[in-house]
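The chains referred to below are lettered A, B, ... by the order of the sequence lines, with proteins before strands, and numbering in each begins at 1.
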Amino acid sequence: MSYYITTPIYYVNAEPHLGHAYTTVVADALARFHRLLGEETRFQTGTDEHGEKVMEAAEKAGLPVKEFVDRISAQFRRTWDEMDISYDRYIRTTSPEHVRVVQQVLQKVHDSGDIYYGEYGGLYCYGCETFYLERDLIDGKCPDHQVAPTYIKEENYFFRMSRYQDWLIDYIAAHPQWIRPERYRNEALAFLKEPLEDLCISRPRSRIEWGIPLPFDERYVTYVWFDALLNYLTGLDYPAGEFYPRFWPGVQHFIAKDILKPHGIYWPTMLKAAGVEPFRHLNVHGYWQMPQGKMSKSLGNVVEPGYLAQHYGIDQIRYFFLREMVYGLDAHFSEEALRTRINADLANDLGNLFARSLGMAFKYRKGVVPHPGVPEAADKDVAADAQAMAADFLRLFPELEFPKALARVWEFINHLNRYIVTCAPWELAKDPGKAQRLDTVLYHLLEGLRWLAALLRPVMPGSALKMSEQLGLGLSLWDLPLSQVLKWDRLLPGSLLKKGPPLFPRLEMEEK
RNA sequence: GGCGGUGUAGCUCAGUCGGUUAGAGCAUGCGGCUCAUAUCCGCAGUGUCCGGGGUUCGAAUCCCUGCACCGCCA
């Protein structure tokens with residue numbers, strides 16, 4: 001089974017914020033997870049660069065459109081690089097490959113009769129890029145922009161989305177997990193209770209130039225969503241490239257709830273019309289609620305991922321994202337909550353466990369992994385719990401149950417901390433007759449840490465690597481599929497540990 | 001206006017098919033340890049499970065209703 005993991009391509013009319021970062025980190029963690037299991041994995045992100053709003057944003061910035069999109073797209077890419085995002089491909093909708101794919105699909109759907117030419121007149125808001133009905137207006141103005149829309153009548157091309165309504169309803173009904181979590185599946189079904197209208201997929205060039213020309217009518221460019229969604233096919237070099245048959249339809253799309261409609265309705269019907277199998281899952285997540293309410297520029301509470309990463313550390317942010325938000329639900333964001341997680345979970349529990357374990361190994365055994373003796377009950381408990389933790393983690397992670405998966409890992413961390421107190425190695429060290437017992441305890445501790453490093457790799461890649469280095473793990477204990485790494489007693493007695501700075505420095509809570 | 005969700009400890013949340021004294025983490029208080037990043041371990045709590053009514057031997061859980069907040073659609 002192969003995994004094709006995607007984030008949305010982010011719209012370049014605004015700079016990267018917390019929400020973009022969350023989607024991207026989740027997708028990255030899952031991609032790393034599948035790679036670790038030795039599964040064929042491909043992960044992609046990128047930017048969506050056409051449409052009227054982008055033109056406007058460029059104008060506002062006083063830049064030629066191309067220059068503007070280059071700049072913002074690069075900014076997104078830099079942010080992901082700073083956050084250790086392991087994308088295999090970075091898609092831009094202005095790239096020639098993408099333009100080619102969009103035109104091919106349009107032509108195909110046109111040829112098969114699912115695109116027709118028609119006339120549409122209505123009240124159009126340029127800000128929303130949408131036609132409005134009288135009843136939707138507030139005081140005759142667009143509800144979002146407070147601007148009176150203009151009546152325009154124009155001829156356009158329409159995609160016969162309505163033709164696939166029943167098919168889509170049946171497909172959703174037959175595949176309960178297809179759109180997940182369930183609340184969003186229900187929302188998609190709610191859309192479909194009303195008759196589906198055909199989708200207007202063109203914009204006249206007289207009005208907007210910044211888009212992909214329709215292959216069958218040069219007077220028009222493609223509607224930005226029809227263009228953007230196809231990036232998922234471009235990323236596999238559809239239709240002739242080698243990736244397409246390898247990775248389609250094993251697709252895991254990750255999106256935030258605001259773009260459920262395009263992904264849950266437009267996209268599957270587009271695929272159906274183009275003769276392409278549906279994706280495997282659409283994974284929809286919620287919003288980060290800010291302390292002052294919704295995140296918005298006017299409130300000045302937009303959080304930049306780059307700032308967080310620099311201030312608190314990449315892995316700290318990644319951990320927080322996955323631990324604090326139940327996938328699919330909204331969650332609260334605050335720097336205070338972040339600091340609390342960092343100190344309580346990372347510095348105190350995990351970081352300190354790691355430091356005290358290695359500290360004792362150096363103090364009592366000169367940094368050499370000892371040979372374990374015959375295990376006692378407490379030791380066997382540790383080994384058994386490690387196995388149980390791994391089993392739970394491996395089950396929960398692909399179900400997107402990140403908080404549960406991590407909480408389970410932390411149960412094991414607590415177990416190891418308790419194990420230390422119970423066995424009291426500092427007492428054993430005082431009695432030469434208990435040398436072998438001390439060896440056994442230290443070995444079990446270090447071996448437990450090795451399992452932690454292995455499992456935390458998708459979540460905190462940088463820290464996991466530091467752990468593996470300090471544990472003296474060679475490539476044979478690290479760069480292998482998890483199934484081979486996760487075997488108790490694999491840590492090699494006699495191998496050398498390495499000292500290092502604290503994995504997760506404790507933050508002072510007073511400072512702000 | 002229609003549909004849906006949420007409401008549980010000071011805070012953030014878990015509570016499967018209805019079944020003993022309703023749970024976790026953080027914060028708080030007390031005790032223990034000294035290997036460790038003043039960390040760790042143990043103990044202690046505290047609750048009108050949003051209000052009201054109903055079904056049931058038994059309701060945080062099911063039904064009705066009211067309130068509050070949120071989302072989607074129109």
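- Remark: the separation of the P atoms in U55(B) and A14(B) is 31 Å, to the nearest Å.
- Rounded to whole Å, the separation between the P atoms of C3(B) and C63(B) comes to 16 Å.
- Side-chain contact of Arg356(A) with Asn417(A): a donor-acceptor pair under 3.5 Å is present, judged by distance alone.
- Counting to the nearest Å, the P atom of A38(B) and the CG atom of Leu507(A) are 13 Å from each other.
- Asn417(A) comes within contact range of the sugar-phosphate backbone alone, with a heavy-atom separation under 4.0 Å but no base atom that close.
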Under the criterion side-chain hydrogen bond (donor to acceptor under 3.5 Å, both in side chains), I'd like the reasoning laid out for Ser463(A) against Asp315(A): C-alpha separation, chi angles, the key distance, then a yes or no.
CA-CA 7 Å; Ser463(A) 306; Asp315(A) 284 356; 2.6 Å; yes

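- Comparing A24(B) with G15(B), their C1' atoms sit 10 Å apart, to the nearest whole Å.
- When each of Phe402(A), Phe504(A), Phe333(A) is tested with Phe320(A) by the rule ring-ring contact (aromatic ring centres under 6.0 Å, His included), just one qualifies, namely Phe333(A).
- At a cut-off of 3.5 Å, with distance as the only test, no side-chain donor of Asn283(A) or Tyr327(A) sits close to an acceptor on the other residue.
- Of the candidate nucleotides C33(B), U37(B), C40(B), U37(B) has the atom nearest to the side chain of Arg506(A).
- Taking every side-chain heavy atom of Lys257(A) into account, G71(B) is the closest of C26(B), C33(B), G71(B).
- Using atom P as the reference point in both A59(B) and C49(B), the two lie 12 Å apart (nearest Å).
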Is there a side-chain hydrogen bond (donor to acceptor under 3.5 Å, both in side chains) between Tyr164(A) and Asp114(A) once you walk through the steps?
CA-CA 10 Å; Tyr164(A) 299 103; Asp114(A) 276 337; 2.3 Å; yes

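- Of the candidate nucleotides C35(B), C40(B), U37(B), U37(B) has the atom lying nearest to any side-chain atom of Ala347(A).
- Two residues, Asp258(A) and Leu329(A), neighbour RNA chain B, and the one matched to the more 5' nucleotide by heavy-atom proximity is Leu329(A).
- Across the C1' atoms, A74(B) and C11(B) are found 38 Å apart, a figure rounded to whole Å.
- Here G25(B) sits opposite C11(B) as a Watson-Crick or G-U wobble pair (both hydrogen-bonding atom distances under 3.5 Å).
- Annotation: G47(B) and C33(B) have their C1' atoms spaced 33 Å apart (nearest Å).
- Rounded to an integer number of Å, the gap from NZ of Lys499(A) to C1' of A36(B) is 13 Å.
- Figure legend. U39(B) is base-paired to no nucleotide; pairs are counted as Watson-Crick or G-U wobble with both atom distances under 3.5 Å.
- Within the nucleic acid shown, Asp345(A) has no heavy atom closer than 4.0 Å to any nucleic acid atom.
- The partner of G18(B) cannot be assigned: no Watson-Crick or G-U wobble pair with both contacts below 3.5 Å exists in any strand.
- For Asp198(A) and Tyr116(A), the side-chain atoms include at least one donor-acceptor pair closer than 3.5 Å.
- Using P as the reference atom, G53(B) and U16(B) are 25 Å apart when rounded to the nearest Å.
- One P atom belongs to U6(B), the other to G10(B), and the distance between them is 22 Å to the nearest Å.
- Remark on RNA chain B: of its neighbouring residues Val421(A) and Arg323(A), the 5'-side contact belongs to Arg323(A), judged by nearest-heavy-atom nucleotide.
- Note on Leu503(A): a base of the nucleic acid sits closer than 4.0 angstrom, heavy atoms only.
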